[in-house]
Amino acid sequence: HYDFNVDWGDGTNEDIILNNTNTPGFSHTYVSAGVHTVKIKGKFGGIGMGDSTSGNDATNRAKLKEVTNWGDTGIASWQNAFSYCNNLTISATDAPTLAPGGMINTSWDSMIRGADSLTTLDMSSWPVEMFIISRAYYGFAGADILTSIKFPKGARITGNVLNYLFYESGKDGSGLSVDMQDVKVEASNVNMTQAFYQCPVIEMKMSGWDISGSISSMNYFLSSRDEGLNAANDAIDLSNWTTSGSGTGILTLNSWGLSCKFPEINTSGWAPGVTENCTDMRSMLRNSKVCRWKGLDRIRLYKLHCNWSL
């Protein structure tokens, strides 16, 4: 997936073929300092700025300033794509294209982790076939001023490591909006612990999830930041979750909304199978300031140890 021409933006063009993407394959030294627009044409399966085995370090990551166009290069991996590129912004309005053979690497680990200048990431028009997510450990975490992130509908979760998914993203801002609807949870024992820890969440569009596997943990899932008080009444939308096939739903919700502060949480339309196998809801909304929970009647309790403090 690496057979391309690169225009380095200083009058230099280079044809490059890489057979082993885990080995540093190419580099370029500029004669004069300044801003250079790099253009890539051909097969370029992905960028891995956070991958130190490719020769990247903090100095090189800081040099990546902006993505202005995704182009037609055939993406096959997003793992570590822009991890710790702390000066990066994305102004591209087109959608990246999928590699002819699909995603070779389905890990989204640290995709934008530590991209501290990134304010928005709109992936809603990207090919949904890219979103076969076998891992997303700190996938979209630690982007300090992120305000909005959008996914296409129908992403598939095929692996179980999704803890710290958005951990601390937006923590230095005033509000974070997440749009991640109609997700298909196909893997068993998916870990989504502390997905929104210290995120200033004011909007969650996460309706229509279908669990044909299981979510082993959604412990400490919601944010406890004060910005939640500014959310609109219909902003925290987790409605219409269901199970299909042999799916066993959510297995633990311990401290799911501990100390969260939302005017309203919406879980209306949850199928019984979403929670009927859940055995731990201790402190689920302990010390929370939730004024209204739409769909509480859809939370099915069975053989459960509960210790709720509302």
Enquirer: Step by step, work out the side chain to side chain contact (heavy atoms under 4.5 Å, CB included) result for Cys260 and Leu285.
Expert: CA-CA 7 Å; Cys260 69; Leu285 287 177; 3.9 Å; yes
Enquirer: Evaluate the criterion side chain to side chain contact (heavy atoms under 4.5 Å, CB included) for residue pair Asn191 and Asn160; output intermediate values, then yes/no.
Expert: CA-CA 6 Å; Asn191 186 346; Asn160 59 15; 5.8 Å; no
Enquirer: Please check if the number of heavy atoms outside Tyr167 that lie under 6.0 Å from its OH is greater than 12.
Expert: yes
Enquirer: If we ignore angles and hydrogens, is there a donor and acceptor under 3.5 Å between the side chains of Gln181 and Asp179?
Expert: yes
Enquirer: For the atom pair OH (Tyr220) and CD (Gln194), what is the distance rounded to the nearest 0.5 Å?
Expert: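 Here the rounded value is 8.0 Å.
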Enquirer: Which is it for Phe131 and Trp108 under the ring pair (Phe, Tyr, Trp, His ring centres under 6.0 Å) test, yes or no, and what are the steps along the way?
Expert: CA-CA 9 Å; Phe131 293 82; Trp108 289 70; 4.8 Å; yes
Enquirer: Under 3.5 Å, is there a donor-acceptor pair linking the side chains of Thr68 and Ser91?
Expert: no
Enquirer: Hey, do the aromatic rings of Tyr164 and Phe140 have their centres closer than 6.0 Å?
Expert: no
Enquirer: Do Arg113 and Tyr138 form a cation-pi contact, if we require the NZ or CZ to be under 6.0 Å from the six-membered ring centre and within 45 degrees of the ring's axis?
Expert: yes
Enquirer: Search all heavy atoms of Gln198 against all heavy atoms of Ser224 and return the closest pair with its distance.
Expert: NE2-OG, 4.4 Å
Enquirer: Going through the checks in order, is the side chain to side chain contact (heavy atoms under 4.5 Å, CB included) test met by Ile75 and Leu98?
Expert: CA-CA 5 Å; Ile75 297 295; Leu98 182 68; 5.9 Å; no
Enquirer: Taking Ser134 for its side chain and Thr106 for its backbone only, find out whether a donor-acceptor pair lies under 3.5 Å.
Expert: yes
Enquirer: Ser110 and Ser83: which non-hydrogen atoms are nearest, and at how many Å?
Expert: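 Smallest heavy-atom distance, with atoms named: O-CB, 3.2 Å.
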Enquirer: Given Ser177, which of Lys150, Lys205, Glu203 fulfils the side chain to side chain donor-acceptor pair (under 3.5 Å) condition?
Expert: Glu203
Enquirer: What's the verdict on salt bridge (charged side-chain N to carboxylate O under 4.0 Å, His left out) for Lys184 and Glu186, showing C-alpha distance, side-chain angles and the deciding distance?
Expert: CA-CA 6 Å; Lys184 302 179 188 304; Glu186 300 173 5; over 6 Å; no
Enquirer: Taking the side chain from Asp94 and the backbone from Gly71, do they hold a donor-acceptor pair closer than 3.5 Å?
Expert: yes
Enquirer: Decide whether Asp122 and Thr120 meet the rule of one side-chain donor and one side-chain acceptor closer than 3.5 Å.
Expert: no
Enquirer: Test of understanding: clusters of I, L, V, M, F, W, Y form through side-chain heavy atoms closer than 4.5 Å, transitively. Do Met49 and Leu146 belong to the same one?
Expert: yes
Enquirer: Between Thr267 and Trp241, do the side chains contain a donor N or O and an acceptor N or O under 3.5 Å apart?
Expert: no
Enquirer: So, does Thr73 use its side chain to make a donor-acceptor pair with the main chain of Phe44 at under 3.5 Å?
Expert: yes
Enquirer: Measure up the Trp8 and Tyr30 rings against each other and bin them: parallel (under 30°), tilted (30 to 60°), perpendicular (over 60°).
Expert: perpendicular
Enquirer: Please answer whether the main-chain N or O of Asn254 pairs with a side-chain N or O of Arg282 as donor and acceptor at a distance below 3.5 Å.
Expert: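 Checking the backbone N and O of Asn254 against the side chain of Arg282, no donor-acceptor pair under 3.5 Å is found.
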Enquirer: State the CD1-CG distance between Ile133 and Leu165, to the nearest 0.5 angstrom.
Expert: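 Those atoms lie 7.5 Å apart.
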Enquirer: In Å and rounded to the nearest 0.5 Å, what is the NZ to NZ distance from Lys65 to Lys63?
Expert: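 Rounded to the nearest 0.5 Å, the NZ-NZ separation comes out at 10.5 Å.
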Enquirer: Is there a donor-acceptor pair under 3.5 Å between the side chain of Ser117 and the backbone N or O of Asn86?
Expert: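 Side chain of Ser117 to backbone of Asn86, a donor-acceptor pair under 3.5 Å: yes, one is there.
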Enquirer: Return the CD1 to OG distance between Ile145 and Ser169, rounded to the nearest 0.5 Å.
Expert: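 That separation rounds to 11.0 Å.
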Enquirer: Which heavy atom in Ala76 sits nearest to a heavy atom in Gly102, and how many Å separate them?
Expert: CB-O, 3.9 Å
Enquirer: Are Lys261 and Val290 packed together at the side-chain level, in the sense that at least one heavy-atom pair is separated by less than 4.5 angstrom?
Expert: no
Enquirer: Do Trp270 and Met180 belong together in a cluster built from hydrophobic side chains that touch within less than 4.5 Å?
Expert: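 They do share one cluster, since a chain of ILVMFWY contacts under 4.5 Å joins Trp270 to Met180.
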Enquirer: Please check: side-chain N/O of Thr97 versus main-chain N/O of Gly74, any donor-acceptor pairing under 3.5 Å?
Expert: yes
Enquirer: Could you go step by step and tell me if Ser255 and Asn219 meet the side chain to side chain donor-acceptor pair (under 3.5 Å) rule?
Expert: CA-CA 5 Å; Ser255 303; Asn219 298 354; over 6 Å; no
Enquirer: Let me confirm one number: the OG-CZ distance from Ser259 to Arg225, rounded to the nearest 0.5 Å.
Expert: 14.0 Å
Enquirer: For Asn87 and Ala62, indicate whether the former's side chain and the latter's backbone hold a donor-acceptor pair under 3.5 Å.
Expert: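 Present.
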Enquirer: Could you tell me if the side chain of Met281 sits less than 4.5 Å from the side chain of Thr275, heavy atoms only?
Expert: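 Yes; the side chains approach each other to less than 4.5 Å.
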Enquirer: Give the minimum heavy-atom separation between Pro96 and Pro127, together with the two atoms involved.
Expert: O-CD, 3.3 Å
Enquirer: Less than 4.5 Å apart, side chain to side chain, heavy atoms only: is that true for Ile90 and Leu118?
Expert: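 Yes, their side chains come closer than 4.5 Å.
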Enquirer: Under 3.5 Å, is there a donor-acceptor pair linking the side chains of Asn5 and Asp15?
Expert: yes
Enquirer: Go through the steps for Ser268 and Ser239 under the test side chain to side chain donor-acceptor pair (under 3.5 Å), then give the verdict.
Expert: CA-CA 5 Å; Ser268 62; Ser239 63; 4.8 Å; no
Enquirer: Please work out whether the ring planes of Phe196 and Phe166 are parallel, tilted or perpendicular, with thresholds of 30° and 60°.
Expert: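 Phe196 vs Phe166 ring planes: parallel.
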Enquirer: If only atom types and distance count, is the side chain of Ser216 paired as donor or acceptor with the main-chain N or O of Val190 below 3.5 Å?
Expert: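 Checked: pair present.
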Enquirer: Could you walk me through whether Tyr2 and Lys43 pass the side chain to side chain contact (heavy atoms under 4.5 Å, CB included) test, one step at a time?
Expert: CA-CA 5 Å; Tyr2 291 87; Lys43 296 179 181 178; over 6 Å; no
Enquirer: Show your working on side chain to side chain donor-acceptor pair (under 3.5 Å) between Ser207 and Asn240 and close with a plain yes or no.
Expert: CA-CA 6 Å; Ser207 62; Asn240 298 315; 5.7 Å; no
Enquirer: Do Pro263 and Asn233 come close enough that some side-chain heavy atom pair is under 4.5 Å?
Expert: yes
Enquirer: Using the rule given for ring pair (Phe, Tyr, Trp, His ring centres under 6.0 Å), can you reason through Trp78 versus Trp70, listing the C-alpha separation, both sets of side-chain angles and the distance that settles it, and then say yes or no?
Expert: CA-CA 13 Å; Trp78 288 109; Trp70 292 113; 5.5 Å; yes
Enquirer: Between Asp210 (side chain only) and Val185 (backbone N and O only), is there a donor and an acceptor less than 3.5 Å apart?
Expert: no
Enquirer: Hydrophobic cluster membership, with links at side-chain heavy-atom distances under 4.5 Å among I/L/V/M/F/W/Y: are Phe4 and Leu64 in one?
Expert: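 In one cluster with Phe4: Leu64, yes.
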Enquirer: Say you draw a straight line from CD1 of Ile16 to NE2 of His28; how long is it, rounded to the nearest 0.5 Å?
Expert: 10.0 Å
Enquirer: Give the minimum heavy-atom separation between Thr248 and Ser214, together with the two atoms involved.
Expert: OG1-CB, 3.1 Å
Enquirer: Cluster question for you: counting only ILVMFWY and a side-chain heavy-atom cut-off of under 4.5 Å, with indirect links fine, are Val183 and Ile265 together?
Expert: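 Val183 clusters together with Ile265.
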Enquirer: Starting from Leu121, can I reach Tyr84 by hopping between I/L/V/M/F/W/Y residues whose side chains sit under 4.5 Å apart?
Expert: no
Enquirer: What is the minimum heavy-atom distance between Ser174 and Pro200, and which atoms define it?
Expert: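 Residues Ser174 and Pro200, closest heavy atoms: C-CB, 4.3 Å.
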Enquirer: Please determine, by modelled atom types, if Asn105 and Ser107 share a side-chain donor-acceptor pair under 3.5 angstrom.
Expert: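 No, no side-chain donor-acceptor pair sits under 3.5 Å.
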Enquirer: Output yes when a side-chain donor or acceptor of Ser223 lies under 3.5 Å from a complementary backbone atom of Cys199, and no otherwise.
Expert: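 Yes, the answer is positive, given that a donor and an acceptor are paired below the 3.5 Å cut-off.
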